[in-house]
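Structure record follows, encoded as structure tokens.
Residue numbers start from 1 in every chain, and the chains themselves are labelled A, B, ... in the order their sequence lines are given, proteins ahead of strands.
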2 protein chains.
Amino acid sequence: MYGQIEKVISSFIDLDKSEFDYFTSKLQVKHLKRKELILSEGQVCSNSYFINKGCLRYFYNVNGEEVTGQFFFENGWYADFGSYLSGKPSDQNIEALEKTELLVLPKAVLDKLFIEIPKFEKFGRLIAEKAFLGIRQYTEMLTKQTPEERYLNLIKERPKVIERIPQHYIASYLGIKPPSLSRIRKRILDNK
Amino acid sequence: MYGQIEKVISSFIDLDKSEFDYFTSKLQVKHLKRKELILSEGQVCSNSYFINKGCLRYFYNVNGEEVTGQFFFENGWYADFGSYLSGKPSDQNIEALEKTELLVLPKAVLDKLFIEIPKFEKFGRLIAEKAFLGIRQYTEMLTKQTPEERYLNLIKERPKVIERIPQHYIASYLGIKPPSLSRIRKRILDNK
DNA sequence: TTCATTTCTTAACTTGGGTTAACGTTTAGT
DNA sequence: ACTAAACGTTAACCCAAGTTAAGAAATGAA
């Protein structure tokens, strides 16, 4: 149950066994069905989530249409950082795309850990920095690449997304509509 | 010289006079001509910059073309956070768009301040969080809005950009080309 | 003030994504 | 294994942004 999160945390900071056990004792396990939401817009994001198994996607509702922001897989973390930090309602929705098992880390617990085990502050900072770099990479993809380049790059860099995520969500993530992605796929096939 | 930065820092953390004087004693002043670069791609960003007067823009070179990422004005901070944190070469170029006066805060100085005056850690975290929220807002603008909506929103939310920045840089920032921005402006005028 | 440079607009044409709707395929859940 | 729901592709048409090039206007540096 806690093997994966232990590996990930160890890659950030060194904890001895008692510290780690104390940490895991504060986690909650959550099982999600396909399409089940953990966070809806308007709610405050007061947890962060570690993915043991399955995958998540977050999306915005824009004029009644879903705009996909990102996908997360095993060993990934998710929180709506904006809402989490500010305590303001989130404008994101987050749902499971497969049967998913999460470890839930409430903000109150992490805030307490910052004080009780100061090493966790470094962990918090590194997670935040990773979040920043992640969104910057996505932004650069949008600003520097054409939709076709984005798709080709996704195949190369994140094959998991291609394999496990339905095409219309991928289209939305790439900033285009499903028929466009179909045409791009056809164009790529024709040019081979 | 240090009046503006004092106000901004005070809005984040409380410093007494000696602490603040110690801080400012570590700052360098830098004057830039219009179009002068402070950072070019390939260099490591090992300073952060506070703008006393003037404005900055950062951009990427993509296939020989400039893609504008953001504008910064008086009392704003700039650093290429990715390069600053990782120590890796930046892919950003940053230039002054007007005669500009900067206060330069070297990374080594801030790192030392984290240790000597722990209150500065909070300052560092808040700056990082602000950077994250800033880029997320930009990303949401790109994913949720049409170019025309982006321009109308810019007029409303950041009139300084409209007033002080040449149109072709604004176009690039909005993710479009100058003729498109001209057409959008015409469309808006015609519908009034 | 002058003049080179930068900036903005416009026009004509191209390109590629959006829209809608239909159809066929795949998949999840029972 | 069956069925309803979800998903992917295609076609026809529309429309906005890209491209290129030309010329006008604004601006900054001397």
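- Between A:E95 atom CD and D:dA6 atom P there is a gap of 12 Å when expressed in whole angstrom units.
- For D:dG18, the base has a donor-acceptor partner in the side chain of B:R183 [N/O atoms by modelled type, under 3.5 angstrom].
- Among the candidates B:K35, B:R164, B:R34, the single residue satisfying the salt bridge (charged side-chain N to carboxylate O under 4.0 Å, His left out) test with B:E98 is B:R164.
- Nucleic acid contact class of A:R34 (heavy atoms, under 4.0 Å, all strands): sugar-phosphate only.
- The pair B:E101-B:K30 does not meet the salt-bridge criterion, since no charged nitrogen lies less than 4.0 angstrom from a carboxylate oxygen.
- Aromatic pair A:F23/A:F120: ring centres closer than 6.0 Å.
- Distance CZ (A:R164) to P (D:dC7): 16 Å, rounded to an integer number of Å.
- Sequence order on DNA chain C of the closest nucleotides to A:G175 and B:Y169 puts B:Y169 first from the 5' end.
- Between A:Q167 atom CD and D:dC7 atom P there is a gap of 11 Å when expressed in whole angstrom units.
- Across the protein-nucleic acid pair, A:K99 atom NZ and C:dT27 atom C1' stand 14 Å apart, rounded to whole Å.
- A:R185 comes within contact range of the sugar-phosphate backbone alone, with a heavy-atom separation under 4.0 Å but no base atom that close.
- Within the 4.0 angstrom heavy-atom criterion, only backbone atoms of the sugar-phosphate kind lie near B:P147; the bases stay farther away.
- End-to-end axis angle for the helix from C:dT1-D:dA30 to C:dT30-D:dA1, using five pairs per end and rounding to 10°, comes out at 70°.
- In this structure, the OH atom of A:Y151 is 13 Å from the C1' atom of D:dT9, given to the nearest Å.
- A heavy-atom distance below 4.0 Å to DNA chain D is reached by none of the residues of residues 56-63 of chain A.
- Between B:Y138 and B:Y173, the distance separating the two ring centers is shorter than 6.0 angstrom.
- A cation-pi arrangement is present between B:K107 and B:Y84 under the rule of less than 6.0 angstrom and at most 45 degrees off the ring axis.
- Under 4.0 angstrom from either OP1 or OP2 of D:dC15 there lies no side-chain N or O belonging to B:R187.
- Ring to ring, A:F72 and A:Y78 are close: their centroids are under 6.0 angstrom apart.
- For the pair A:S180 and C:dG18, the criterion of a side-chain N or O lying under 4.0 Å from OP1 or OP2 is met.
- Residues B:W77 and B:F123 bring their aromatic ring centres within 6.0 Å.
- Looking at the side chain of A:H168, the nearest of the listed nucleotides C:dT9, D:dG8, C:dG16 is D:dG8.
- Tested against B:Q92, the residues B:Y60, B:F59, B:F81 include a single side chain to side chain contact (heavy atoms under 4.5 Å, CB included) partner, B:Y60.
- Between B:D190 atom CG and C:dT9 atom P there is a gap of 13 Å when expressed in whole angstrom units.
- Taking a 6.0 Å sphere around CG of B:D14, one finds it holds 12 or fewer heavy atoms contributed by other residues, nucleotides or ligands.
- Residue B:S182 is the one, among A:T146 and B:S182, whose nearest nucleotide of DNA chain C lies closer to the 5' end (criterion: closest heavy atom).
- The nearest whole Å value for the distance from the CD1 atom in A:I176 to the C1' atom in D:dA16 is 16 Å.
- Mapped onto DNA chain D by nearest heavy atom, A:P166 and B:L181 fall at different nucleotides, with A:P166 at the one closer to the 5' end.
- Atom pair A:L189:CG and D:dT9:C1' shows a separation of 12 Å (rounding to whole Å applied).
- The pair A:R125-A:E121 does not count as a salt bridge, with every side-chain nitrogen at least 4.0 angstrom from each carboxylate oxygen.
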